[in-house]
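First comes the structure, then the notes that go with it.
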Amino acid sequence: MNEVCVTATHAVTGLGPDLNSLWQGVIAGESAIRPLTRFATARYLTGNASWIEGVESKSGQSGIYPLLEQLIDGFAPVPAGATLITASTKGCIDSMERFQIGLPGDPAEVPMAPLLRHIARMLGLTSAGININAACASSTIALARAASLIATGKSDAVVVVCMDMVSEFVFSGFSALQALSGTACRPFDRNRDGLTLGEGGAALLLMSREQTIREGRPVLGVVAGWGAANDATHITAPARDGCGLIQSVRQALMRAAIAPEQIAAISAHGTATVYNDLMELTAFRALFGERSIPLHSIKGAIGHTLGAAGGIEVALGLKCLEAGLLPSTVGLLEPEESGEGFLSCSTQPIEGNYLLSTNSGFGGVNAALILRREE
Amino acid sequence: MAAFICGIGWVTGAGFGWGKQGSKFSMPDLSLPPLTRKDVFPEPNQRFGRMSEYTKLGLAAITFALRDARLEEWAEKRPIGVVASTHFGCLATDLEYHKTVLLEGGGLASPNLFAYTLANCFLGDAAIQFGLTGSSFAINETGEDNLGAIRMALEDLELGEADTMLAGICDLTAPDAFADGVSFKPGAVFIVLSLSPPAVSNNYGIISLVDDGRITYNGIHADSLPELIQAALAG
């Protein structure tokens, strides 16, 4: 098996147009959650989201395109023969919305295939690849697939592009499910009252160690392990015993060939819904026992970016490993009782080389990645 | 990488069925048959009636494939993974849900419909119905051979992610306004792939992923999923 190296990362979030602004923002405890002006929110549980200036429909084209421009323009050169894997749950859903209410909007944008071809053209790739939709674990599974392709030698380079935007379609749905916080989300807080939506994107380039050396590329970190499993319990709620997440992490540990004791930090899904956060803490307790491991969620800073969440969290996770610091969870004031030993209201040092990054989603999906610091 | 095909299930414009039972498999560009609970499950199923049409379609084809592979019955959850390829995913449900968003400034948006506005949602229902705990996700691809999900399932088998995988396609008829320039036939077709040889009665032959990324069935290149299914059923 080839070693899977991450050689380039980029992220666009509510905290800024690049990974550095995201890092600076979360280290400073900032949040991009603020009132939305994109559509009327009077009938929804909240009017807040983490959104990006300029990510809106222009000339009838989906707002995902300006997001992609920001994302691809700031990304490293990609080999033309690289495999493309994208991760998005709803792609150009705003085009469907606009078309249905008689505003300029192109229905041909709605299927994912044209968007895939567009991204491939932007990156100068020779083939268009695939999009993965696994709800809020889409980009985690996309990265796991990319790592598999590199590890087995099926691809020399894989570029993963993750994106989702804040649309009224999705906003109204989470509001109808009573899943939105009335103010701003507070992951793992005992008074948490729901999630806050966000938009963003991430791009990551993965290569084998040999390929990075051949091309003289930097190694930002290594994807050491990955796993995915289904709860097989409920469509929209997690299994309370965390069985799917536990199975995913165990697979990732096995593939990384490390013991649970070697995990030095956790980037959790941490949506701030009552049941998700409790499920995660239950799973991590089952996996790691009473040992203290720094854990955070970045959703209090940039909202829940859905299909982009895992990609942004991995890009940030590599930065955390490099700096040896795990930023605090924005919004966390009173840690959930069962999170003792995991949760902290301040930035914590990472004393080790491995960071676990996990995501879960509708349809019972769970996925885990283990990142290793580059020596 | 090679695996045995040990179950085939489908719902197409020509009807529905599994293995060598029922309607002959073909994938015409015709309206899909309406599916009732009794068509899919012999016993009452409380959830089926509440599912979206897209979910019913995908779940039915998965049910038929597992029935053909004699994997429908289960007592303990099983690490079987599922990969499904789709062009439009749950667009029909999206449109239905969006109508509810337009009422009362979004105040009447339907939470039940929203729960089915993800392309992978029917895989969650399949996981619950059949205790499938492997990785499950939907893909969108740009190719027209409809074999992307099968390639990925074979890769998962090769990596040791699972010993048994389901792979296939699922699409309702494209809504008129969105169908321009898109070429595909509606329907859902799933096959069960296994590393272990099945019983003679449901051993449809060997499917392989060769180095150039192409799929072969019993050593012969398969150019499309319907062609592969027809060859397997004729074998």
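Here is the naming used below: chain letters follow the sequence lines, and residue numbers restart at 1 for every chain. Bear in mind the structure is a predicted one, so any value in this text is a computation, not a measurement.
Contact count against chain B (heavy-atom pairs under 4.5 Å) is highest for A:S172 among A:S172, A:A113, A:G364. With chain A as partner, the option from B:A162, B:G105, B:A115 having the largest number of non-hydrogen pairs under 4.5 angstrom is B:G105. In terms of heavy-atom pairs under 4.5 angstrom with chain B, the leader among A:A228, A:C243, A:G173 is A:G173. Highest contact tally toward chain B, considering only A:R145, A:Q251, A:Q178, is held by A:R145 [criterion: heavy-atom pairs under 4.5 Å]. Between chain A and the options B:N112, B:L118, B:L91, heavy-atom pairs under 4.5 Å are most frequent for B:L118. Ranked by heavy-atom pairs under 4.5 Å with chain A, the first of B:T86, B:L113, B:V101 is B:V101. Here B:T133 is the residue among B:D156, B:I139, B:L95, B:T133 with the most heavy-atom pairs under 4.5 Å with chain A. With chain B as the partner, the residue from A:F99, A:F169, A:F39 showing the most heavy-atom pairs under 4.5 Å is A:F169. Contact tally against chain B (heavy-atom pairs below 4.5 Å) for A:T86, A:I85, A:L115, A:V110: the top residue is A:V110. Options A:G227, A:P107, A:G363, A:A232 differ in how many heavy-atom pairs under 4.5 Å they form with chain B, and the most are formed by A:A232.
When every heavy atom of B:L154 is checked against every heavy atom of B:M1, the shortest pair comes out as O-CG, 3.4 Å. The nearest pair of heavy atoms linking B:F88 to B:D171 is N-OD1, 2.9 Å. Taking each heavy atom of A:A239 and A:M279 in turn, the nearest pair found is O-CG, 3.0 Å. Nearest heavy atom pair, residue A:R250 against residue A:L287, reads CG-CD2, 3.8 Å.
At a cut-off of 3.5 Å, with distance as the only test, a side-chain donor of A:N359 or A:T140 sits close to an acceptor on the other residue. Residues B:S110 and B:T100 have side chains that never bring a donor and an acceptor to within less than 3.5 angstrom of each other. Residues B:N45 and B:Q129 bring a donor and an acceptor atom of their side chains to less than 3.5 Å of each other.
Inter-residue side-chain proximity for A:E97 and A:S167 is flagged as met; some heavy-atom pair is nearer than 4.5 Å.
Interface remark: B:L102 contributes side-chain atoms only to the contact with chain A (heavy atom separation under 4.5 Å). Heavy atoms closer than 4.5 Å to chain A are found nowhere in B:S85, neither backbone nor side chain. With a 4.5 angstrom heavy-atom cutoff, A:E109 does not touch chain B via any of its atoms. Using a 4.5 Å cut-off between heavy atoms, A:F171 makes no contact with chain B at all. Residue contact with chain B, scored on non-hydrogen atoms closer than 4.5 Å, is absent for A:A40. Only the backbone of A:D231 comes within contact range of chain B, with at least one heavy atom under 4.5 Å from a heavy atom of that chain. Residue contact with chain B, scored on non-hydrogen atoms closer than 4.5 Å, involves the backbone and the side chain of A:L177 alike. Looking at B:D211, neither its backbone nor its side chain comes within 4.5 Å of chain A, counting heavy atoms on both sides. With a 4.5 Å cut-off on non-hydrogen atoms, A:L149 touches chain B through its side chain but not through its backbone. Only the side chain of A:I93 comes within less than 4.5 Å of a heavy atom of chain B; its backbone N, CA, C and O stay farther away. For a residue to count as touching a neighbouring chain, one of its non-hydrogen atoms must lie under 4.5 Å from one of that chain's; by this rule A:T236 touches chain B with the side chain only. Only the side chain of A:T152 comes within less than 4.5 Å of a heavy atom of chain B; its backbone N, CA, C and O stay farther away.
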- Item | Intermediate values then yes/no, ring-ring contact (aromatic ring centres under 6.0 Å, His included), A:Y44 and A:F174 | CA-CA 9 Å; A:Y44 303 131; A:F174 279 104; over 10 Å; no
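More than 12 heavy atoms of other residues, nucleotides or ligands lie within 6.0 Å of CZ in B:R47, so this atom counts as buried by the packing criterion. Heavy atoms from other residues, nucleotides or ligands lying under 6.0 Å from CZ of B:F41 number more than 12.
B:F48 carries B:K56 over the face of its six-membered ring, with the cationic atom under 6.0 Å from the centre and within 45° of the normal.
The aromatic rings of B:F114 and B:Y97 sit tilted relative to each other, their planes meeting at an angle between 30° and 60°.
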